[in-house]
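Step one of this worksheet: look at the structure below.
Whatever order the structure lists ligands and atoms in, that order sets their numbers, starting from 1. Computed from a predicted model, the values in this text were never measured in an experiment.
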Amino acid sequence: MSTVVDQTIETYGIENWGADYFGVNRKGNLIVRAPENDTLTADLKEIVDDLSKRGISSPVLLRFPQLLFGQIRKLQTAFRKSIKEFEYEGGHLCVFPMKVNSNRAVIEEYLREGTRYNFGLEAGSKAELYAALGVDQAKDSLLVLNGFKDRDFIKLAFAGAAAGKNVVIVIEKMSELDHTLDLAIESQANNPTTPLPMLGVRVKLYSKGSGKWEKSGGEAAKFGLTTTEILEVIRRLQEAGRTDMLRLLHFHIGSQLTDIKRIKNAMKEAARTYAKIHKMGIPIDYLDVGGGMAVDYDGSRTSFESSANYNAREFANDVIYVIKTICDDETVPHPTIIQESGRFLSAYHAILVTNIQDEIETVVEHHDTEMSLSPDDPPIVHELHDLRETINAKNYREYYHDALENRDDLFSMFNLGLISLEAKGKGEVLFWDICEEADKYAQLKKYVSEEFDDLRRLMCVKYLANFSVFRSMPDNWALEQLFPIVPIHKLNKKPTEYATLCDITCDSDGIVDKFVDLHDVKPVLELHKLDKKEPYYLAMMLVGAYQEVMGNNHNLFGVPHEAHIFIGEDGYIIKKVIHGATLGDAVNSVRFDTAQLHDTYRRAVLARVKSGELSSNEGSQLIEYYEDQVDSYTYLTPNGK
Ligand SMILES: *Cc1c(COP(=O)(O)O)cnc(C)c1O
């Protein structure tokens, strides 16, 4: 007999997408397990209650650095084992792409663990490079620079190399090579012992990735050099007598690569290119396979967009095996493999917890009394009534279509002044009754057609979640990417409601109505009935990659509160709390000046005091109240606070 907890674990798919990091305890609360010892757990509900007592209300982003460490070790172990199994003679290093999550806490925690394996950083802009140069990295780790670069960017790279960092400038365009060679000559003239950056080239592969980021690869990709351009780079380096600088071949065919076959094809093409360059007498020794290792957000282990049909070990095996085979075939030494995995490393560590503020009614419900029809009601209302009385499992589809048509007629007639407000009201109630019945019959079917999926979304309850999709889950809005969503408590009670989520922005796109499911995508999420007496909290899981940096300012909802949690022998320890954006921060971000706002408001109030419409006491209270708002949180205050 499975318990209710087992059933809810299945409903939410926790064991499918959770990578063993998440579970449910006896209290029915969602827990996070320490990867190094899964008997150590942290209870999310306890953490949220604790934070709430300290004045940190939801939404709050919880960071678990141990999960970042867990992913680093998973990746490192996978490659270490594959290297051993296939007797691969090169090494494996990782560089974390800062664009995936450039928060200081993430970078510092990543380096703390990654340094043990000589894992370094990848920067794609001057700002990222500027940050990277100011943090300590392992002596033998790399700092790889991708993206388009101007002379200033490259000069900053030289400053990094001069400070002793192993900087690799990956050439994406010919002009970058010109600047690099110029600056190399300059640097050598000033001081011939100053170390120079290394060079890499990004190759434009014929092979493409799969999934939403397919465009990052293939011949028409934005980045990378064609074969003739790479040969031109080599020719120019030979001319300058600087072929010693070219050390790395890079490719990246996209993020969230769902299909391992595509990865293998790209790997073959890149390894062959690497071998040929090596054979031209270039001392190249790094093969950078880019990022793209996918996160199985829905837990289906398929090549579906939000999933992946491979795990870390299978990925490592394929990479190592393909590169080894090709290099052996070409008789060139095995390169050190560089990986730029961002999503895979950082997705799991961050969880956004938010409260359900309220429920939004969209369906017209009956009022207490049973509706009575009178002979005076227009025929259209009688028709709807007949449909409602006779709908059944056989005719529900047809009757539902009829009801849709009748409803359109109802509105047209009302607009033409042909029917009364009362008749319109009756018609609406009957229409929704029919929908409810049709939904019930449709859901009994094995395969629910899309039309009834849509109806389900329309019919279901809508929970108002205290967060902004645009700020905290932008890929859900922009790319329809799925994130697992789970209540953090009550998991020992069966969820009885079917709900979609609305966020608190004024944007009709600010909704979540697609949910992870093992076989498909769910149009609604099973949730518990709201209880006015206690808050109901949901966790948006696996939001540690891209969401924070891509999140935007829509409606001026700022960054949420943040807490860093350590899981230890005695449960959890809240290591650090960072307050979220205040109203002042939010308006400053769009260049308002709070002093000026206060000034203008004060003048308006004082004018009313002067004209005798407000007492001076009321005036000062208003001013004080307004000015105090500068420090308040941009999100809703949970009910009962
Ligand atoms: C975005 C990006 C990555 C990171 O990809 P993930 O899918 O997050 O691992 C790596 N390398 C380059 C060049 C990128 O642009």
With a cut-off of 6.0 Å (strictly less than), are more than 12 heavy atoms of other residues, nucleotides or ligands near CD of Glu239?
yes
Where ligand 1 meets [X] - atom numbers and elements under 4.0 angstrom, heavy-atom basis:
{"X": "Ser341", "value": "9 (O)"}
{"X": "Val100", "value": "8 (O)"}
{"X": "Asn146", "value": "13 (C)"}
{"X": "Gly291", "value": "5 (O), 9 (O), 10 (C), 11 (N)"}

Of the protein's non-hydrogen atoms, which lies at the shortest distance from atom 1 (C) of ligand 1, and what is that distance?
Lys99 NZ, 1.3 Å
Nearest non-hydrogen protein atom to atom 13 (C) of ligand 1, with distance, is Glu340 OE1, 3.4 Å
Salt-bridge present ([X], [Y]; N to O < 4.0 Å):
{"X": "Arg202", "Y": "Glu176", "value": "no"}
{"X": "Arg242", "Y": "Asp244", "value": "yes"}
{"X": "Arg63", "Y": "Glu548", "value": "yes"}
{"X": "Glu128", "Y": "Lys99", "value": "no"}

Would one find an N or O of [X], backbone or side chain, under 3.5 Å from an N or O of ligand 1?
{"X": "Glu122", "answer": "no"}
{"X": "Gly292", "answer": "yes"}
{"X": "Arg343", "answer": "yes"}
{"X": "His250", "answer": "no"}

How about Tyr635 and Phe467: are their ring centroids closer than 6.0 Å?
no
Taking the six-membered ring where the residue is Trp, are the ring centres of Tyr88 and Tyr321 under 6.0 Å apart?
no
Nearest 0.5 Å, please: how far is NE2 in His179 from NZ in Lys149?
11.0 Å
Under 4.0 Å, heavy atoms only, figure out whether ligand 1 is touched by the backbone of [X], its side chain, both or neither.
{"X": "Ser255", "answer": "both"}
{"X": "His252", "answer": "side chain"}
{"X": "Arg202", "answer": "side chain"}

Look at the aromatic rings of Tyr117 and Phe119 and report parallel, tilted or perpendicular, splitting at 30° and 60°.
tilted
May I ask whether Tyr546 places a heavy atom under 4.0 Å from ligand 1?
yes
Ranking Ala294, Gly254, Gly342 by closest non-hydrogen atom to atom 9 (O) of ligand 1, top hit is Gly342
Can you name the nearest heavy-atom pair linking Phe22 to Leu542, along with the distance?
CE1-CD1, 4.0 Å
